[in-house]
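Any value given below was found using the heavy atoms of this structure, including those in side chains, with hydrogens, waters and symmetry copies removed.
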Amino acid sequence: MRRIRLTTAVLGIAAFLALGGTGTPFVWATEIGDVTGQVLSTDIRAYVNGAEISSLNVDGYTAVAAEDLREYGFDVAWVPQERKMVIRYSGKKEVHPLPIQKTTQPSGTKLADVLYTDITAYYSDHKIPSINIGGRTVIKLNDLSAFGSVVWSEKERKISFTPNADDAGWFTNNPLVVRENGTVKVDDIMIGDPQITWNGEEVGRTIDDLPMLNVTWIASMLGYTAKETEDGSLLVENGTNGFILRDGDNHVDLIWFGTTAVKVELWKQPVKQDGKWLLREPELKDLFGYESVWSPETHLENITYRKMIVEDHGLKQRVDNYNYIVRVDEFLQGTSELPFLGLEKETNGDIAHAPVVAGGMAEAIDGGPKYRMDTSIKLDLGTNRMQLRLSQGKRILFDSEYSVELPLRELTAILDQNTSFSSGDSTRLLKLTPEKAYQEISSSDMTFSGTVDRISGTGLTFRMDRQEGDEYVQEGDPVSVPFEGDRFTLKVKLSEESGMYRVTAYSRVTNPKGSFQMPVAYWYIQKTDPAKSRHL
């Protein structure tokens, strides 16, 4: 991350305020990452919306991570382009408390430093103080007193925040939102040969019949800076995204917050002429992600650059289903090309790419998104390394590398098919027994049952596999289980041998090209030795 130098204004630490006060002291810093305070262990318990939440003692005040509030009835959005965190409460989200992180250190023990950050925090439209601890945005509960009730109990060593209800506005259940917040137009660029001009100023050259624009000029027109670095490269960036050009090289680094996110290849390398960097106009269009229209009659080109911000409302990092779904809601005024969503999963060096569906919202609610993108990828049990990137052309709008945990013991049996992808007509499972995928039994007898909807075919097909090493090997032949109205029931007898078994339910899928079997549910049965179980 880039280090941004600010005006020096170092002040002394003000006297601590009482817990019931309306504000908390802070320290002005000169640079991002400067130490402004200390994190101490505490015996105080914090509650938000009636549920306990992990908390920290920051210079004597109880603080919580803003991101954790997502599980306590709040919508929390990180907006990288504006470097701000926005917290909203509507009463529409259920509370799902996170596990409480506790320390064995005596109360008052230093655990970490508080670091200065240029990220700003907002509660709805109101700016509130925030700090950085371990890369997370942390806020003090006292600073939320204007938006609800903050109550301190000395006897119970407990502080509670209960927010005021606010049902105004549109809230999303999806992790990413794209908003268009302005446009930049550069009209009447005269594409001549050899000169390319704009308002009488030379802004490019036609070289070998290819129109090439002055990169520094177009960058400044679109709100970017362009400067040569010590190694002779040209860095083009706007504080969030950008790219690096190298003389005589058709490979470009795409930048996200000062770090190379990916390298891409251009059709033609940049040309450095008379101290100016020139690049083929279609390449610039792709790198900046703008739209352009050229008239062959007038030789005039008009450019429209749409400013976009992305809100990260929380990419799921712990799930209970194989299908990992990411949706993007788009509030766009109108664009010839929608942003592209790329989702990848890495397993042992192999990369799996998720398909994407995008389209207009035919039944969009008032104030809701105009477009929506939808993607889904199948996870592996355990830890999954993910890469998600949202881009307009090659302009990066959002980039994140993260891990998603899929614990076997939390896995639901039904494979979530709630995506926009459709291979054809299939049976939808409504309710299953057992509901959870992981089961431990000592008996060999098991029963699988459930109700179905949107039926395809006459029944389901069940297959049993037994784990051998890292693989599952089929046991016996698949069994067809007919529907009885909207229900089905299957009684099976497992092998007497202990071990891990996997049972998969398949639905028939039909489309104009034919039909095939698709998995719709999984169960993992850990069969124990009955003799050993009696002695436990």
Item to check | Intermediate values then yes/no, salt bridge (Lys or Arg N to Asp or Glu O under 4.0 Å), Arg508 and Asp425 | outcome: CA-CA 8 Å; Arg508 179 169 176 262; Asp425 296 327; over 6 Å; no
Next on the checklist: Checking Tyr123 against Tyr89 for the side chain to side chain contact (heavy atoms under 4.5 Å, CB included) test, could you report, in this order, the C-alpha distance in whole Å, the side-chain angles of both residues, the deciding distance, and whether it holds?
Outcome noted: CA-CA 9 Å; Tyr123 193 102; Tyr89 177 71; 3.6 Å; yes
Next on the checklist: Quick one, Val186 with Tyr290, criterion side chain to side chain contact (heavy atoms under 4.5 Å, CB included). Give me CA distance, side-chain angles, the key distance, then yes/no.
Outcome noted: CA-CA 11 Å; Val186 185; Tyr290 61 70; over 6 Å; no
Checklist entry - So Lys185 and Thr304, side chain to side chain donor-acceptor pair (under 3.5 Å) or not? Walk me through it. => result CA-CA 5 Å; Lys185 290 185 174 291; Thr304 300; 3.1 Å; yes
Next on the checklist: Pair Trp294, His299 - check ring-ring contact (aromatic ring centres under 6.0 Å, His included), show working.
Outcome noted: CA-CA 7 Å; Trp294 179 71; His299 286 213; 5.5 Å; yes
Item to check | Derivation and outcome, ring-ring contact (aromatic ring centres under 6.0 Å, His included), residues Tyr322 and Tyr522 | outcome: CA-CA 9 Å; Tyr322 275 116; Tyr522 293 93; 5.0 Å; yes
Item to check | Worked check of salt bridge (Lys or Arg N to Asp or Glu O under 4.0 Å) between Lys345 and Asp350 | outcome: CA-CA 8 Å; Lys345 183 193 71 170; Asp350 295 327; over 6 Å; no
Item to check | Intermediate values then yes/no, side chain to side chain contact (heavy atoms under 4.5 Å, CB included), Thr240 and Trp256 | outcome: CA-CA 6 Å; Thr240 303; Trp256 179 250; 3.5 Å; yes
Checklist entry - Taking it one step at a time, do Ser295 and Glu297 satisfy side chain to side chain donor-acceptor pair (under 3.5 Å)? => result CA-CA 5 Å; Ser295 168; Glu297 289 81 16; 3.2 Å; yes
Checklist entry - Ile255 and Ile244: side chain to side chain contact (heavy atoms under 4.5 Å, CB included), yes or no, with the steps? => result CA-CA 7 Å; Ile255 302 300; Ile244 297 176; 3.7 Å; yes
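In this structure, a donor-acceptor pair under 3.5 Å is absent between the side chains of Glu202 and Thr197. Between the side chains of Thr137 and Asn132, no donor N or O sits under 3.5 Å from an acceptor N or O.
With respect to Asp465 and Arg463, a salt bridge is recorded, a charged nitrogen being found less than 4.0 Å from a carboxylate O. Of the charged side-chain nitrogens involved, at least one lies within less than 4.0 Å of a carboxylate oxygen, so that Arg246 and Asp253 count as a salt-bridged pair. The pair Asp286-Arg395 does not meet the salt-bridge criterion, since no charged nitrogen lies less than 4.0 angstrom from a carboxylate oxygen. Here Lys307 does not pair with Glu180 in a salt bridge; the nearest charged N to carboxylate O distance is not below 4.0 Å. A salt bridge links Arg83 with Asp118: the closest approach of a Lys/Arg side-chain nitrogen to an acidic carboxylate oxygen falls below 4.0 angstrom. Ion pairing between a basic and an acidic side chain is recognised when a charged N comes within 4.0 Å of a carboxylate O; Glu228 and Lys272 show such pairing. Between Arg372 and Asp329 a salt bridge is recorded (basic side-chain N to carboxylate O distance below 4.0 Å).
A donor-acceptor pair under 3.5 Å links the side-chain atoms of Asn250 to the main chain of Leu266, judged by distance alone. Using a distance-only test at 3.5 Å, with no hydrogens or angles considered, a donor-acceptor pair links the side chain of Thr427 to the main chain of Ser456. Thr216 contributes no side-chain N or O that, together with a main-chain N or O of Ala226, makes up a donor-acceptor pair within less than 3.5 Å. With hydrogens and angles ignored, the 3.5 Å screen pairs no side-chain donor or acceptor of Glu237 with any backbone N or O of Tyr224. Although no hydrogens or angles enter the test, the distance criterion places no donor-acceptor pair under 3.5 Å between the side chain of Thr183 and the main chain of Arg306. No donor-acceptor pair closer than 3.5 Å links the side chain of Asn174 to the backbone N or O of Leu176. In this structure a side-chain-to-backbone donor-acceptor pair under 3.5 Å is missing from Lys263 to Val252. Judged by distance alone, the side chain of Asp208 and the main-chain N or O of Leu210 form no donor-acceptor pair under 3.5 Å. Judged purely by atom type and a 3.5 angstrom limit, Asn302 uses its side chain to pair as donor or acceptor with the backbone of Asp188. Under a 3.5 Å cut-off, the side chain of Arg70 and the backbone N or O of Val76 do form a donor-acceptor pair.
Aromatic ring pairs are classed by plane angle as parallel below 30°, tilted from 30° to 60° and perpendicular above 60°; the pair Trp198 and Trp217 is tilted.
Scored by the side chain to side chain donor-acceptor pair (under 3.5 Å) test, Lys285 finds Ser292 as partners (sequence neighbours excluded). The side-chain contact (heavy atoms from CB on, under 4.5 Å) check on Leu343 picks up Tyr324, Val326, Ala354, Thr375, Ile377, Met386, Leu388, Tyr402, with sequence neighbours excluded. The side-chain contact (heavy atoms from CB on, under 4.5 Å) test applied to Glu344 returns Ile351, His353, Gln387, not counting sequence neighbours.
A heavy-atom distance below 4.5 Å is not found between the side chains of Val64 and Val138. Residues Leu300 and Ile191 are not in side-chain contact: their nearest non-hydrogen atoms beyond the backbone lie 4.5 Å or more apart. Contact annotation: the side chain of Leu338 approaches that of Glu330 to within less than 4.5 Å [non-hydrogen atoms, C-beta and beyond]. Looking at Pro80 and Asp399, their side chains never come closer than 4.5 Å, going by heavy atoms from C-beta outward. Residues Thr260 and Leu254 form no side-chain contact, since every pair of their non-hydrogen atoms from C-beta on lies 4.5 Å or further apart. Under the 4.5 Å side-chain criterion, counting only non-hydrogen atoms from C-beta, Arg205 is in contact with Leu278. Within the 4.5 Å cutoff, the side chain of Leu390 has no heavy atoms near those of the Phe340 side chain. Counting heavy atoms from C-beta outward, Glu283 and Trp267 have side chains that approach closer than 4.5 Å.
Summarising the local packing, NZ of Lys227 is surrounded by 12 or fewer heavy atoms from other residues, nucleotides or ligands at distances under 6.0 Å. Counting heavy atoms of neighbouring residues, nucleotides and ligands inside a 6.0 Å radius, atom CG of Asp125 does not exceed 12 of them. Crowding of Arg385 atom CZ: a count of heavy atoms from other residues, nucleotides or ligands under 6.0 Å not exceeding 12. With a 6.0 Å radius and a threshold of 12 heavy atoms from other residues, nucleotides or ligands, Glu94 has its CD atom at or below the threshold.
Lys394 forms no cation-pi arrangement with Phe243, by the criterion of a distance under 6.0 Å to the ring centre and an angle within 45° of the ring axis.
When all heavy atoms of Val58 and Ala63 are compared, the closest pair comes out as CG2-CB, 3.8 Å.
Put simply, CD on Gln517 and OG1 on Thr504 are 12.0 Å apart, with the number rounded to the nearest 0.5 Å. How far CZ of Arg318 is from OG of Ser403: 12.5 Å, rounded to the nearest 0.5 Å.
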